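Basis for what follows: all heavy atoms, side chains included, without hydrogens, waters or symmetry-related copies. What you see is a predicted model, and the numbers here were worked out from it, not measured in a lab.
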Amino acid sequence: VFGKDINLVLVLNNLSSERKSVRVDMSASTILYTRRTVAEILKAATSVELGPKQGKHIRVKIPYTHYGRYLTTDKRIQVTALCEVMRSNGLKLLVEKTIILEDTNIIIKLPRRVVVNRAVSLEISYANPLPEPVSRCVLLVTLMNQQVKINLARLAPRERSKIFFEFTPRRAGPLQLQVDFSCDKFSHVKGFVTIAVAPA
């Protein structure tokens with residue numbers, strides 16, 4: 001989840017009946033959706049001894065403080081592990097994983113019934129998932145082809161807050177509401193709901 005430390009486990013298994021020495025070079029980078037690298041956030045190397053038919057786990061932790069300021073709006077991190085079996089004529093194995101961090105910041109609560117030409121109030125809650133305060137908080141609410149910009153107070157670390165948004169639907173049928181939350185530490189955290197508007 002965005003704002004939390006990332007914990008990974010690399011599992012190595014020796015399927016042979018001989019003892020193996022494996023060198024593992026690990027790296028992680030923030031990337032764009034095109035896989036272009038933005039910044040390297042982790043580089044580590046270790047060696048592992050594996051007995052016959054033995055497996056071992058290598059645990060890797062990427063703290064938020066390492067990746068937070070380098071993360072783009074794509075919220076993607078590419079992790080690679082190059083595993084080289086020593087004394088095996090250069091046998092190597094590359095393991096790659098792309099992590100897409102989830103947002104749990106925006107929650108939109110609707111009333112049970114929404115009726116055309118009748119004012120309705122929605123509850124929009126938003127959060128700071130980071131272990132540090134954020135300021136210059138802005139909600140951009142898009143509804144019925146109109147955008148409303150709402151400036152918000154700063155949020156303490158891990159704080160959640162909420163606002164009430166009132167509008168009057170002008171036609172029956174499905175209506176999409178989109179919310180975009182940004183601040184000085186991250187931007188474009190999105191949430192959306194489809195509202196079923198009943199006839200009057």
Side-chain angles (χ1 to χ4, degrees), residues 1-108 125-134 137 155-160 179-193:
V1 176
F2 174 59
K4 303 283 183 71
D5 295 346
I6 300 168
N7 293 291
L8 304 169
V9 178
L10 175 67
V11 181
L12 295 177
N13 288 309
N14 179 7
L15 302 179
S16 76
S17 55
E18 299 176 7
R19 190 174 187 81
K20 301 287 184 182
S21 297
V22 183
R23 176 183 166 84
V24 181
D25 290 302
M26 297 196 70
S27 65
S29 300
T30 56
I31 61 171
L32 301 174
Y33 74 94
T34 57
R35 293 176 60 95
R36 187 168 73 82
T37 299
V38 176
E40 188 174 69
I41 55 173
L42 172 78
K43 197 166 184 64
T46 188
S47 293
V48 179
E49 294 291 327
L50 294 172
K53 308 294 184 183
Q54 185 185 20
K56 283 191 178 178
H57 292 187
I58 298 175
R59 299 187 184 279
V60 180
K61 183 176 182 177
I62 307 174
Y64 166 75
T65 51
H66 286 197
Y67 74 80
R69 61 193 173 119
Y70 300 113
L71 207 60
T72 70
T73 54
D74 296 325
K75 295 184 176 61
R76 291 171 186 255
I77 294 174
Q78 179 83 28
V79 182
T80 62
L82 180 61
C83 306
E84 182 178 2
V85 182
M86 311 308 287
R87 299 182 298 278
S88 64
N89 297 321
L91 179 63
K92 295 180 180 179
L93 174 67
L94 180 67
V95 179
E96 286 188 326
K97 182 171 181 63
T98 300
I99 300 166
I100 303 174
L101 299 178
E102 295 179 5
D103 287 322
T104 56
N105 293 1
I106 303 289
I107 299 172
I108 304 167
S125 72
Y126 52 94
N128 172 17
L130 308 184
E132 55 188 332
V134 297
C137 302
L155 291 173
R158 313 283 188 211
E159 182 184 2
R160 178 170 285 280
V179 178
D180 188 310
F181 178 55
S182 296
C183 65
D184 64 331
K185 299 288 195 312
F186 56 85
S187 59
H188 304 303
V189 173
K190 297 181 186 294
F192 68 90
V193 292

Rounded distance [0.5 Å steps], CG in L71 versus CZ in R76
11.0 Å

Between I106 and G191, which heavy-atom pair has the shortest distance, and what is it?
CG2-CA, 3.9 Å

Drop me the distance from R23's CZ to L82's CG, to the nearest 0.5 angstrom.
9.0 Å

Whether N14 side chain and G51 backbone form a donor-acceptor pair below 3.5 Å:
yes

Ring geometry between F181 and F186 (parallel below 30°, tilted from 30 to 60°, perpendicular above 60°)
perpendicular

NE2 on H66 to CD1 on I41, rounded to 0.5 Å
9.0 Å

Straight-line distance of I100 CD1 to Q78 CD, nearest 0.5 Å
10.5 Å

How about I62 and I99: do any of their side-chain heavy atoms sit closer than 4.5 Å?
no

Side chain to side chain contact (heavy atoms under 4.5 Å, CB included) between V79 and V60, worked out
CA-CA 10 Å; V79 182; V60 180; over 6 Å; no

Whether over 12 other heavy atoms sit under 6.0 Å from K56 NZ:
yes

Once rounded to the nearest 0.5 Å, what's the spacing between atom CD of E40 and atom OG1 of T30?
10.0 Å

Side chain of K92, backbone of C83: donor and acceptor closer than 3.5 Å?
no

Test item: S182 side-chain N/O and H188 main-chain N/O as donor-acceptor pair under 3.5 Å
yes

Taking the side chain from S29 and the backbone from T37, do they hold a donor-acceptor pair closer than 3.5 Å?
no

Give the C-alpha distance, both sets of side-chain angles, the deciding distance and a yes or no for side chain to side chain contact (heavy atoms under 4.5 Å, CB included) between T46 and M26.
CA-CA 8 Å; T46 188; M26 297 196 70; over 6 Å; no

Steps toward side chain to side chain contact (heavy atoms under 4.5 Å, CB included) verdict (Y126, V179):
CA-CA 10 Å; Y126 52 94; V179 178; over 6 Å; no

Return the minimal non-hydrogen interatomic distance between P157 and P131, and the atom names on each side.
CB-C, 3.7 Å

Can you find a pair of side-chain heavy atoms, one from T98 and one from R35, that are under 4.5 Å apart?
yes

So which atom in N13 and which in G55 form the shortest heavy-atom distance, rounded to 0.1 Å?
OD1-CA, 3.3 Å

Check the side chains of R160 and S125 for a donor-acceptor pair under 3.5 angstrom, ignoring hydrogens and angles.
yes

Quick check for you: to the nearest 0.5 Å, what is the distance between I77 atom CD1 and L42 atom CG?
10.0 Å

Can you confirm whether E132 sits close enough to T65 that some side-chain heavy atom of one is under 4.5 Å from a side-chain heavy atom of the other?
no

For a quick test of reading the model, state the closest non-hydrogen atom pair linking A81 to V24 and the distance between them.
CB-CG1, 4.3 Å

Do you know the tightest heavy-atom contact between Y64 and D5?
N-OD1, 2.8 Å

So, for E49 and S21, which heavy atoms are closest and what is the spacing to 0.1 Å?
OE2-OG, 2.7 Å

